[in-house]
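Residue numbering restarts at 1 for every chain, and letters A, B, ... go by the order of the sequence lines.
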Protein chains: 2
Amino acid sequence: MEISSTEENYLKAIYALQSSGDKPGVSTSSLSEHLNNKAASVTDMLKRLSDKKLIHYKKYKAVSLTKQGEKLAIAIVRKHRLWEVFLMEKLNFKWDEVHDMAEQLEHIKSDELIERLDAFLGQPKYDPHGDPIPNAKGVLPKPKTSALSNIQNKGHYIFVGVNEHHVDFLRHLTSIGLKIGDQIKIEEHNSYDGSYLIRINKKPGQYISHKVASNLLIEMKS
Amino acid sequence: MEISSTEENYLKAIYALQSSGDKPGVSTSSLSEHLNNKAASVTDMLKRLSDKKLIHYKKYKAVSLTKQGEKLAIAIVRKHRLWEVFLMEKLNFKWDEVHDMAEQLEHIKSDELIERLDAFLGQPKYDPHGDPIPNAKGVLPKPKTSALSNIQNKGHYIFVGVNEHHVDFLRHLTSIGLKIGDQIKIEEHNSYDGSYLIRINKKPGQYISHKVASNLLIEMKS
DNA sequence: AAATAAATTTAGGCTGGTCTAAAAATGATT
DNA sequence: AATCATTTTTAGACCAGCCTAAATTTATTT
């Protein structure tokens, strides 16, 4: 069965929203927003995806991926992240530059290609944003711990990934001098607005809003 | 101006047919055949490309590329061939396996990507089939000499490229043990059917039809 | 429980890219 | 030069994927 790039993008979006949200299923409107499409267009596509047995769809109800749909979605995520590794490690792109290219490359159709690329890159487990890369069978390595915003305790941590990939956010991190692998010391947590005062690699204190903190993935300093 | 992958394929086809044929301009029917489309569909697209000033089109007349159209066509050829180099040199694909993947990769939109890929590959001048790779300005290095079928003299040559990229042809070469860089000694030329008796790397004599010979690019042994 | 608001779907329309069938133009043959 | 064959274009249709506007369903208020 032929799957178009557009359909792949819908599957990917459903998968992403499903994993990020708490409740099961994804609404038409959230897809509409995520894909910058009108809700009516989304409904159209949901019907097509349902016909192809890639999603579970009942009128007016939230949708979810079938086994087959999830398999495809994970394959796309795998491709996206492997290409990002390629772009950064081999072609020296910066982390805020790779997303658009990877969005295109993820739709290249060839299983053999992606397996060889994986081998060429040394079978990486995480992409340059710290996101886990599913293996060829679709199994994800466990994510690199939790968001900074889940932690109130002062202490030392390592910045290992991000939850948000918008260019503006990544640029902001660059501007405050934060990059993957940096040490983060939590010096203060303001519980009324969720903001933090942290030190990055022992440098002078840096203020971090709750919003930013919720998108920073950290792990305990081991 | 947005150019779709489909439009790019038409430009590439016009460019290819133009360079291979002798007379100026390309006919609707040859495009139709080359692209496996019906002539009516081609006419439709020719109008669109003409509206976008990418081709010179007059009803019932052969078409040709404008400056702009040729620039784009050459850029696509550049991308195709660079990706082929990547697939063979970095991912170890065989030369009869890369075409379909390169057909997809050539449509990835990012000038920066292709320049970095070029640098990563060491700015190759020829792709693994011996075809010249246009540089970033669209200038092609001179082709690697002529077809075997143009030569009647016995003597020693080097096999440097092919004129034909169909999988069946490439497989045929593999089956007779011929690969880029091999020495070819012309032992006999039959002028009535254009066939050849050659030796490949000094191995026992090998019969080559005129058709095959016309698709083998060779240069003088230097 | 009725009224209102929000989310979702239907209906109908548009564009890109394809097709078939028929009409028109060009080229070849006598 | 008139006919016949071939090539090319037009006309009309279809599908994917999007849109707007209107109708319908579900959720929320009061």
Undergrad: Can you measure A:Ile3 atom CD1 to D:dA16 atom P for me and round it to whole angstrom units?
TA: 13 Å

Undergrad: Answer yes or no: does a side-chain N or O of B:Tyr57 lie under 4.0 Å from OP1 or OP2 of D:dT9?
TA: yes

Undergrad: Do B:His80 and B:Leu82 have side chains that approach each other closer than 4.5 Å (heavy atoms only, starting at C-beta)?
TA: no

Undergrad: If each of A:Tyr60 and A:Lys38 is mapped to the nucleotide of DNA chain D with the nearest heavy atom, which maps nearer the 5' terminus, i.e. the 5' end?
TA: A:Lys38

Undergrad: Check every strand shown and say whether B:Lys61 touches a base, only sugar-phosphate, or nothing at a heavy-atom separation below 4.0 Å.
TA: nothing

Undergrad: How would you label the contact of B:Thr6 with the nucleic acid (heavy atoms, under 4.0 Å): base, sugar-phosphate, or nothing?
TA: sugar-phosphate

Undergrad: Using atom CZ of A:Arg48 as one end and atom C1' of D:dC15 as the other, report the distance to the nearest whole Å.
TA: 9 Å

Undergrad: Just the rounded figure in Å: distance from P of D:dC15 to CG of A:Asp44.
TA: 14 Å

Undergrad: Check the phosphate of C:dT8 against A:Ser29, side-chain N and O only, distance under 4.0 Å to OP1 or OP2. Yes or no?
TA: yes

Undergrad: Closer than 4.0 Å, any side-chain N/O of A:Tyr10 to the OP1 or OP2 of D:dC18?
TA: yes

Undergrad: B:Phe120 ring centre to B:Lys90 NZ or CZ under 6.0 Å, with the angle to the axis within 45°?
TA: yes

Undergrad: For a quick test of reading the model: is some side-chain N or O of B:Ser41 closer than 4.0 Å to OP1 or OP2 of C:dT18?
TA: no

